[in-house]
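Step one of this worksheet: look at the structure below.
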Amino acid sequence: MTKLTVISGPTAVGKGTVVRYLLNQNPNISLSVSATTRSPRPGEVDGVDYFFVSHERFDQMIEQNELLEWATVHGVNRYGTPRGPVVDALSNGRQLILEIDIQGARAVKASMPECNTIFIAPPTFADLKTRLASRGTENEDEIARRLVTAEAEMSAAGEFDHLVINDEVAKCASGVLDLMQE
Ligand code: 5GP
């Protein structure tokens with residue numbers, strides 16, 4: 001059974017919703033909480049959704065080798081996976097999910113080839129555009145920036161161990177869970 005699962009996919013594909021659904025149904029599975037330099041969105045809680053940190057603190061985390069991987073995503077903010085909780089979960093035999101971007105997925109696969117990488121894809125690219133625009137959490141500049149990243153992200157799908165299409169949250173979550181049980 002694979003203990004470390006890396007879930008990635010283009011922006012706004014709904015990975016967060018799929019992962020939350022999966023965690024609610026399976027309390028034995030944990031999610032790694034990333035550090036980010038981006039500001040919290042309304043309702044996001046520090047230490048739960050992310051560790052919201054300053055650029056100075058992020059630099060320090062890199063210097064002190066506290067991050068398993070990190071990347072600049074959408075050209076502005078940095079995001080990284082704290083190393084300690086991953087090591088702890090794996091040494092305790094817990095199933096752990098990392099929900100990170102493509103660059104992060106590549107880095108984790110390179111350093112831990114035994115991990116299972118899963119790409120969540122939208123049914124179509126048009127569907128992704130609609131989701132991004134209707135989410136209402138980003139301004140126009142940010143939406144445009146994320147669409148550029150999304151195209152590049154879609155072209156990386158073939159690098160992953162598995163691909164699951166998110167046409168319906170419960171179905172996608174169960175597809176991911178099946179792959180985690182392999
Ligand atoms: P958002 O700002 O919408 O929360 O996340 C933007 C992107 O950053 C998403 O694609 C998400 O998967 C990615 N991300 C979140 N945490 C990490 C991380 O720790 N490392 C990397 N490489 N990407 C991350």
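Worth saying up front: this structure is predicted, and the values here are computed from it rather than measured. Values reported hereafter were calculated over all heavy atoms of this structure, with side chains retained and with hydrogens, waters and symmetry mates removed. For ligands, and for the atoms within them, numbers begin at 1 and follow the listed sequence.
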Minimum heavy-atom separation for F119 and P10, please, with both atom names.
CZ-CD, 3.6 Å
Atom CG in D59, atom CD in Q64: separation rounded to 0.5 Å?
11.0 Å
Heavy-atom side-chain proximity of T72 to N77 below 4.5 angstrom
no
Can you tell me which residues line ligand 1 if we count any heavy atom under 4.0 angstrom from one of its atoms, in chain and number order?
K15, S34, R38, R41, Y50, E69, A71, V73, H74, Y79, G80, T81, E99, I100, D101, G104, R146
Give the intermediate values and the outcome of side-chain hydrogen bond (donor to acceptor under 3.5 Å, both in side chains) for residues R57 and Q60.
CA-CA 5 Å; R57 173 68 187 123; Q60 191 186 42; 2.8 Å; yes
Donor-acceptor pair, distance only, cut-off 3.5 Å: does the side chain of N116 make one with the backbone of L179?
yes
Hey, what else clusters with F51 if you join Ile, Leu, Val, Met, Phe, Trp, Tyr whenever side-chain heavy atoms sit under 4.5 Å?
V33, V53, F58, M61, I62, L67, W70
